[in-house]
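First listed ligand is number 1; within each ligand, the first listed atom is number 1.
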Amino acid sequence: MTAAGAFAPPEVAISVEGLSKKFGDRLVVDNLTMSVRRGQIYGFLGPNGSGKTTTIRMLCGLLTPDAGHGTCLGLDIRTQSREIRKHVGYMTQKFSLYTDLSVRENLEFVARLYGVPRPEDAAQQALVRLGLEGRGRQLAGELSGGWKQRLALGACILPAPQLLLLDEPTAGVDPQARREFWAQIHDLAAEGLTVLVSTHYMDEAERCHEIAYIAYGHLLARGTVAEVVAGSGLVTYVVDVARDGRDPGAVIAALSKALSGNPAVKMVAPFGISLHVSGHDADALEAAIAPFRAQEGLSWRRETATLEDVFIDLMMRSQDMLR
Ligand SMILES: Nc1ncnc2c1ncn2[C@@H]1O[C@H](COP(=O)(O)OP(=O)(O)O)[C@@H](O)[C@H]1O
Ligand SMILES: [Mg+2]
């Protein structure tokens, strides 16, 4: 075990209150309060430019908040950032390893940088753990997106951190590589590592123990996926279009147009030959769709809103709020 590994982490990995950050006169994180338990996989979701990266940087002490306070791994984010960084693995949005060094050389370099004892052995162990043995001599720059992510993760966990901050780690990575990446994340969390991960992918959000949705600097919802969906109060109907010879796309487009003008309908979204129709007032929504219930070739059913429905709704409502 390294010196970092010997550090006894508290049960609450992150606990911050009222964090705010301005760039110039733009408030990009507004009064953010959150806590993350040890061993949790905590997902950060929200549109681009919402302050996810800024928040991640404040949590590990790379950026000082203008207001607010809190702890990361029991250490003060304002005054103990240097100590915090010893126990945090931070994977930035950009690949930040040396493209002209081999996979093994990159890992050894990181091990030396962090003062990991016996860097060659540590690099070898990381290669095995990540299934990269066969690629030790390959230049990092020649790896595919998925393997690059795997290497970056390997480099992150080499110094035995207690907390992983992963900023959109799987952007542009194919589905199979994403799946393997997430299997690794779950293994690491099961060993007690806490993981904070930002992502745009709904399937990844569903793999988190808890999520927070941030839009334009505001934390709008948090909890388990089920809690966030239930808390949205969103009522969703799904209507399937029969394959009866008519052009289903045209049927969907016409229906979508007819419904979206109704104030009870907050959202219509086509999914293949189905349409999701959502609103907040169940009775008003029911009344809005009533005229189309009897239309031939359409079958309606009420469903639990999807996480995507909920996020889009949250984003639209926050835009309205800020207007
Ligand atoms: N160092 C900086 N200086 C000025 N503006 C910044 C800086 N970093 C981020 N921003 C701005 O702050 C907002 C939030 O950015 P960011 O935290 O990167 O959002 P996200 O990660 O959710 O996409 C954006 O509008 C971005 O342009
Ligand atoms: Mg970002």
Side-chain angles (χ1 to χ4, degrees), residues 13-14 16-36 41-70 72 77-78 81 84-85 88-97 145-146 148-149 152-153 155-156 161 163-173 178 181-182 185 194-208 210-223 225 228 307-308 310-323:
I14 294 171
V16 293
E17 233 183 280
L19 290 192
S20 294
K21 186 73 194 173
K22 268 188 179 170
F23 287 120
D25 50 11
R26 265 197 69 207
L27 188 58
V28 300
V29 175
D30 187 5
N31 197 18
L32 182 136
T33 296
M34 61 180 275
S35 74
V36 180
I41 302 175
Y42 197 95
F44 256 180
L45 287 107
N48 282 330
S50 281
K52 301 183 295 294
T53 298
T54 303
T55 302
I56 289 175
R57 291 168 62 83
M58 286 195 282
L59 293 177
C60 61
L62 279 175
L63 200 62
T64 309
D66 296 327
H69 58 89
C72 179
I77 58 166
R78 285 179 176 276
S81 65
I84 291 173
R85 271 180 264 166
V88 171
Y90 178 25
M91 198 164 143
T92 57
Q93 273 175 276
K94 265 209 195 121
F95 185 69
S96 52
L97 293 169
K148 267 194 184 132
Q149 294 313 80
L153 180 65
C156 258
L163 171 67
L164 275 185
L165 301 175
L166 309 176
D167 200 357
E168 294 188 31
T170 57
V173 173
R178 288 207 285 130
F181 190 87
W182 273 87
I185 299 295
T194 308
V195 183
L196 191 73
V197 53
S198 72
T199 176
H200 282 292
Y201 297 107
M202 296 302 136
D203 59 320
E204 295 192 346
E206 283 168 353
R207 284 163 159 257
C208 295
E210 250 185 75
I211 54 172
Y213 185 83
I214 305 177
Y216 314 110
H218 300 267
L219 199 158
L220 297 180
R222 65 166 162 228
V225 168
V228 169
L307 197 55
E308 189 175 77
V310 172
F311 287 162
I312 291 171
D313 178 58
L314 282 170
M315 192 176 74
M316 292 193 312
R317 279 198 286 163
S318 71
Q319 280 168 337
D320 289 345
M321 250 163 43
L322 299 171
R323 220 171 259 148

> Nearest to atom 12 (O) of ligand 1 by heavy atom, Asn48, Leu27, Val28: which?
Replying inline: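 Shortest heavy-atom distance from atom 12 (O) of ligand 1: Val28.
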> Where the closest heavy atom to atom 23 (O) of ligand 1 is concerned, which of Gly24, Gly49, Ser198 has it?
Replying inline: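 Of the listed residues, Gly49 has the closest heavy atom.
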>> Could you check whether any heavy atom of Gly51 sits closer than 4.0 Å to an atom of ligand 1, since that is the contact criterion I want to use?
In response: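 Judged by the 4.0 Å heavy-atom criterion, Gly51 does count as contacting ligand 1.
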[atom] [closest protein heavy-atom partner, distance rounded to 0.1 Å]:
| atom | answer |
| --- | --- |
| atom 6 (C) of ligand 1 | Phe23 CD1, 3.2 Å |
| atom 26 (C) of ligand 1 | Arg26 NH1, 4.7 Å |
| atom 17 (O) of ligand 1 | Thr54 OG1, 2.5 Å |
| atom 18 (O) of ligand 1 | Thr53 CB, 3.6 Å |

> Below 4.0 angstrom, N of the basic side chain to O of the carboxylate: do Asp203 and Arg207 qualify?
Replying inline: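 A salt bridge is absent here (no side-chain N lies under 4.0 Å from a carboxylate O).
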> Under 2.8 Å from the Mg ion (ligand 2), which protein atoms of type N, O or S occur, listed by chain and number?
Replying inline: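 Checking every protein N, O and S atom gives Thr53 OG1, Gln93 OE1.
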>> Just verifying a value: how many Å separate Leu163 CG and Leu196 CG, rounded to the nearest 0.5 Å?
In response: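 Reported to 0.5 Å precision, the distance equals 7.0 Å.
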> With sequence neighbours excluded, what pairs up with Tyr213 under the ring-ring contact (aromatic ring centres under 6.0 Å, His included) test?
Replying inline: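 So Tyr213 forms a ring-ring contact (aromatic ring centres under 6.0 Å, His included) with Phe311.
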> Can you tell which of Lys21, Arg78, Arg26 makes a salt bridge (charged side-chain N to carboxylate O under 4.0 Å, His left out) with Asp66?
Replying inline: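 The single option meeting the salt bridge (charged side-chain N to carboxylate O under 4.0 Å, His left out) with Asp66 is Lys21.
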